[in-house]
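Below is one structure; the comments refer to it alone.
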Amino acid sequence: MKRHSYILALFALAGVFAVAQDMPQQKDQQRVPPTQQQPPSDQSGVSTANTAAVQNDIQSALQKEPTLATANISVQVTGKNVELSGTVPSKDAKDKAEQIAKAHAGGLGVKNHLKVGGS
């Protein structure tokens, strides 16, 4: 009976060893856990995921604004800034677009290169 116990213990130990060999090994103890890893970023340190989210958020907000219905506004998020370019019908529309961009820029600076009228 003792012999069967030893054999069972040996098989159990071998099973644990086999499972441990299949598990990934962590070679670098300094790794950041996956939940804390940062998404890829451009050279400014702003993550590309956040850049796209900010750009989409601003464009969506601009499209919802009735006073900007006839505007042709391009939104670019570069470095640490949001850049607005294109044309708007009035100075008030230009100011409104800048206000919307600042409200949705997530702390980034806003550069307003919008032109009033068709020029």
Side-chain angles (χ1 to χ4, degrees):
M1 194 62 152
K2 251 185 179 182
R3 185 174 183 190
H4 289 335
S5 296
Y6 287 127
I7 292 172
L8 286 175
L10 184 60
F11 278 123
L13 186 59
V16 168
F17 181 74
V19 169
Q21 290 299 313
D22 289 337
M23 295 179 74
Q25 302 275 330
Q26 185 175 5
K27 295 183 185 202
D28 183 7
Q29 296 296 328
Q30 298 299 323
R31 279 189 178 169
V32 177
T35 56
Q36 294 179 3
Q37 287 180 348
Q38 296 295 319
S41 65
D42 60 15
Q43 278 107 11
S44 69
V46 177
S47 75
T48 52
N50 287 344
T51 298
V54 168
Q55 184 172 353
N56 289 337
D57 193 25
I58 293 170
Q59 286 173 332
S60 178
L62 291 172
Q63 290 170 355
K64 291 176 184 175
E65 175 57 41
T67 61
L68 300 174
T70 60
N72 179 20
I73 301 174
S74 174
V75 178
Q76 289 293 106
V77 180
T78 57
K80 296 179 181 177
N81 294 304
V82 173
E83 294 187 15
L84 303 176
S85 60
T87 57
V88 290
S90 67
K91 172 78 167 104
D92 288 339
K94 180 178 178 175
D95 293 341
K96 185 65 175 178
E98 185 174 346
Q99 289 173 352
I100 290 171
K102 284 180 179 179
H104 296 274
L108 298 174
V110 175
K111 292 186 176 183
N112 189 344
H113 302 293
L114 294 170
K115 297 187 188 277
V116 176
S119 54

Exercise. Sub-3.5 Å donor-acceptor pair from the side chain of K94 to the main-chain atoms of L114, do we have one?
Worked result: yes

Exercise. side-chain hydrogen bond (donor to acceptor under 3.5 Å, both in side chains): which pairs involve residues 65-75, sequence neighbours left out?
Worked result: E65-T67

For this session: With sequence neighbours left out, write down each residue that passes side-chain hydrogen bond (donor to acceptor under 3.5 Å, both in side chains) with K102, or none if nothing qualifies.
Result: E98

Exercise. Which residues pass the side chain to side chain contact (heavy atoms under 4.5 Å, CB included) test with K111, sequence neighbours left out?
Worked result: N81, E83, H113

For this session: Looking only at non-hydrogen atoms, find the nearest pair between V88 and A93 and report the distance.
Result: CB-CB, 4.0 Å

Exercise. Who passes side-chain hydrogen bond (donor to acceptor under 3.5 Å, both in side chains) against Q55, sequence neighbours left out?
Worked result: none

Exercise. How long is the gap from NZ on K96 to CG on L62, to the nearest 0.5 Å?
Worked result: 10.5 Å

Problem set entry | Heavy-atom check, side chain of V116 versus side chain of T87, under 4.5 Å | no

Seminar exercise, completed: Contacts of Q99 meeting side-chain hydrogen bond (donor to acceptor under 3.5 Å, both in side chains) (sequence neighbours excluded), chain-then-number -> none

For this session: Return yes if some donor-acceptor pair links the side-chain N/O of N56 with the main-chain N/O of A52 below 3.5 Å, else return no.
Result: yes

Seminar exercise, completed: Looking only at heavy atoms, the pair that brings I100 and I58 closest together is CG2-O, 4.5 Å

Exercise. Looking at residues at least two apart in the chain, or sitting in another chain, which of them share a salt bridge (charged side-chain N to carboxylate O under 4.0 Å, His left out) with D92?
Worked result: none

For this session: Heavy atoms only: give me the nearest V110-A105 pair and the separation to one decimal.
Result: CG2-CB, 4.1 Å

